[in-house]
Amino acid sequence: MEHHPVQALEALDGDELRRVLDHLTEAERRVLEGHWPSWAHEGQMAPEGEWRTWTMLAGRGFGKTRAGAEWVSAFARNNPDASIALVAATAEEARNVMVEGRSGLLAVARFEEREAMIWEPSRRRLVFASGAQAFLYSAANPDGLRGPEHHIAWCDELAKWRHAQAVWRNLRLGLRLGERPRALVTTTPRGVAALKRILAEPRTAATGGPSWANPHSSEDFIASEVAAHAGTRFGRQELEGVLLEDFEGSLWPRELIERARVAAGDCHYRRVVIGVDPPASAEGDACGIVVAALGADGIGYVVADLSVAGLSPEGWAQKVAAAAEAWGAHRVVAEKNNGGEMVGAVLRGADVGLPVTLVHAADGKSARAEPVAVLFESGKAKFAGRFPELEEELTGLTYGGLYQGPGRSPDRADAMVWALTELLVKRRAEPRIRSL
């Protein structure tokens with residue numbers, strides 16, 4: 001069989017291809033399936049040159065995981081004494097994606113290697129058929145990489161690591177085995193400081209591409225996601241794989257957003273407030289509906305973005321009522337500039353069944369948002385999960401007062417600001433009686 005068997009087969013016409021495939025032995029079929037260079041598309045193969053770090057920045061579905069697993073497998077196959085680091089945002093993601101996932105290390109192993117591999121989840125260790133070993137690490141624990149030495153490392157989704165800089169520093173100090181220790185970073189790009197520093201290093205090589213570069217991706221998935229996000233910063237980042245810089249003077253730089261993120265559902269909430277930014281009309285902007293909660297730890301959490309567009313006042317009011325019931329809300333805070341008392345009347349007509357506070361936006365959007373941004377900077381407010389559309393609006397709010405994000409108005413961001421102001425800013429500003 002030729003060096004690139006898939007390319008050789010693609011040169012055949014339909015009848016010739018069927019005849020060749022029909023006459024392949026089982027061993028030849030396995031060689032064909034296991035020859036990764038024949039299946040890889042542009043950006044998935046390691047670049048030439050004396051690089052120390054290879055970064056693969058690409059959109060969702062590009063094939064980053066498959067490329068990482070194949071690169072690690074090839075190294076393990078050729079280096080029986082290898083010690084390999086597998087680092088993900090959490091230990092669960094390292095296991096579920098990098099090892100056990102559909103494109104993980106177990107799945108890409110060659111047929112003759114699978115029975116000889118030893119996967120020890122409790123020890124977070126994978127022993128390859130050659131004898132090489134891979135060890136799993138969580139980026140939530142930077143000190144876990146103090147001490148261990150490795151030949152190579154595969155770092156998955158580094159842009160979402162909570163302690164990216166500390167983890168990367170400790171990992172690099174342990175990459176000192178063999179003649180040419182190297183690391184592969186596979187990630188959807190986000191403008192976090194650690195990733196920018198890695199890309200700026202002189203011995204970093206970069207590959208990647210958009211989601212649609214993968215010929216094996218679902219055409220329906222690509223079409224629907226492009227239709228939903230074309231022309232947005234979110235689409236450029238998550239689908240095109242483009243690393244976007246923050247807007248100058250952003251109140252919520254992307255690094256701050258990532259630093260303030262925690263897993264959803266890990267906290268008991270003492271008080272829940274729903275912020276609402278009503279649209280001027282059903283044909284206008286979206287109705288911002290954001291749920292924020294005060295945790296038992298005294299921290300304010302953004303827990304849901306339920307914003308809607310294209311609905312009548314009664315329609316979005318019903319959405320607010322449903323959110324209030326689902327989250328056990330204690331209060332709804334709604335901006336009354338667009339519609340005045342009509343907003344309160346519509347919400348009460350939707351039988352929200354809890355106090356509704358109408359607030360007047362006397363200051364500009366950025367002026368209202370600044371005290372809330374300070375809460376995130378100081379650790380007093382966090383995002384309990386990921387909210388792409390909301391986060392995209394937040395990055396567009398700047399200290400200069402100019403909104404540079406998507407759409408005409410940051411409706412989701414305004415709703416979040418109202419909710420957290422009610423939970424945290426207003427609460428601290430209320431006068432208190434001090435004992436003498």
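In this chain, numbering begins with 1 at the start of the sequence shown.
In this structure the side chain of Glu113 never reaches within 4.5 angstrom of the side chain of Phe128, judged on heavy atoms.
Between Gln165 atom CD and Arg197 atom CZ the span is 4.0 Å, to the nearest 0.5 Å.
Checking side-chain atoms of Glu393 against main-chain N and O of Asp411 turns up a donor-acceptor pair under 3.5 Å. A donor-acceptor pair is defined here as one N or O able to donate and one able to accept, closer than 3.5 Å; such a pair exists between the side chain of Ser83 and the backbone of Glu149. Under a 3.5 Å cut-off, the side chain of Arg52 and the backbone N or O of Pro181 do form a donor-acceptor pair. Side-chain atoms of His330 come within 3.5 Å of backbone N or O of Val272 as a donor-acceptor pair. At least one donor-acceptor pair closer than 3.5 Å links the side chain of Ser307 to the backbone N or O of Ile289. Lys380 places no side-chain N or O within 3.5 Å of a backbone atom of Val372 that could act as its donor or acceptor partner. Proximity of a side-chain donor or acceptor of Ser211 to a complementary backbone N or O of Gly61 within less than 3.5 Å is not detected. Of the possible donor and acceptor atoms, none in the side chain of Glu240 sits under 3.5 Å from a partner among the backbone N and O of Gly235. No donor-acceptor pair closer than 3.5 Å links the side chain of Ser103 to the backbone N or O of Thr65.
Judged purely by distance below 3.5 Å, without hydrogens or angles, the side chains of Thr207 and Trp54 pair a donor atom with an acceptor atom. In the model, Ser218 has no side-chain atom that pairs as donor or acceptor with a side-chain atom of Asp220 under 3.5 Å. Residues Arg368 and Thr421 have side chains that never bring a donor and an acceptor to within less than 3.5 angstrom of each other.
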Yes or no on salt bridge (Lys or Arg N to Asp or Glu O under 4.0 Å) for Glu392 and Arg236, after CA distance, side-chain angles and deciding distance? CA-CA 11 Å; Glu392 192 174 352; Arg236 294 202 66 205; over 6 Å; no

Evaluate the criterion side chain to side chain contact (heavy atoms under 4.5 Å, CB included) for residue pair Leu306 and Trp327; output intermediate values, then yes/no. CA-CA 12 Å; Leu306 305 173; Trp327 285 92; 4.3 Å; yes

Applying side chain to side chain contact (heavy atoms under 4.5 Å, CB included), run through Val72 and Leu184 and close with a yes or a no. CA-CA 9 Å; Val72 168; Leu184 165 61; 5.9 Å; no

Show your reasoning for whether side chain to side chain contact (heavy atoms under 4.5 Å, CB included) applies to Glu100 and Trp119. CA-CA 10 Å; Glu100 297 179 352; Trp119 168 223; 2.8 Å; yes

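Shown are Arg412, Arg254, Arg261; of these, the salt bridge (charged side-chain N to carboxylate O under 4.0 Å, His left out) with Glu391 is made only by Arg261. The salt bridge (charged side-chain N to carboxylate O under 4.0 Å, His left out) test with Glu258 is passed by exactly one of Lys160, Arg190, Lys382: Arg190.
A salt bridge does not link Arg60 with Glu225: every distance from a Lys NZ or Arg NE/NH1/NH2 to an Asp or Glu carboxylate oxygen is 4.0 Å or more.
Scanning all heavy atoms of the two residues, the minimum distance from Pro410 to Tyr403 falls at CB-CE1, 3.6 Å. Contact detail for Trp252 and Thr395: the closest heavy-atom pair is O-CG2, 3.4 Å. Here the closest non-hydrogen pair linking Glu157 and Thr188 is OE1-N, 3.1 Å.
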Output side-chain donor-acceptor pairs under 3.5 Å for residues 132-139, partner residues at least two apart or in another chain, one line each.
unit_1: Gln133; atom_1: OE1; unit_2: Arg125; atom_2: NH1; d: 2.7
unit_1: Tyr137; atom_1: OH; unit_2: His150; atom_2: NE2; d: 3.0
unit_1: Ser138; atom_1: OG; unit_2: Ala140; atom_2: N; d: 3.1

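Scored by the side-chain contact (heavy atoms from CB on, under 4.5 Å) test, Asn170 finds Pro142, Asp143, Leu145, Arg146 as partners (sequence neighbours excluded).
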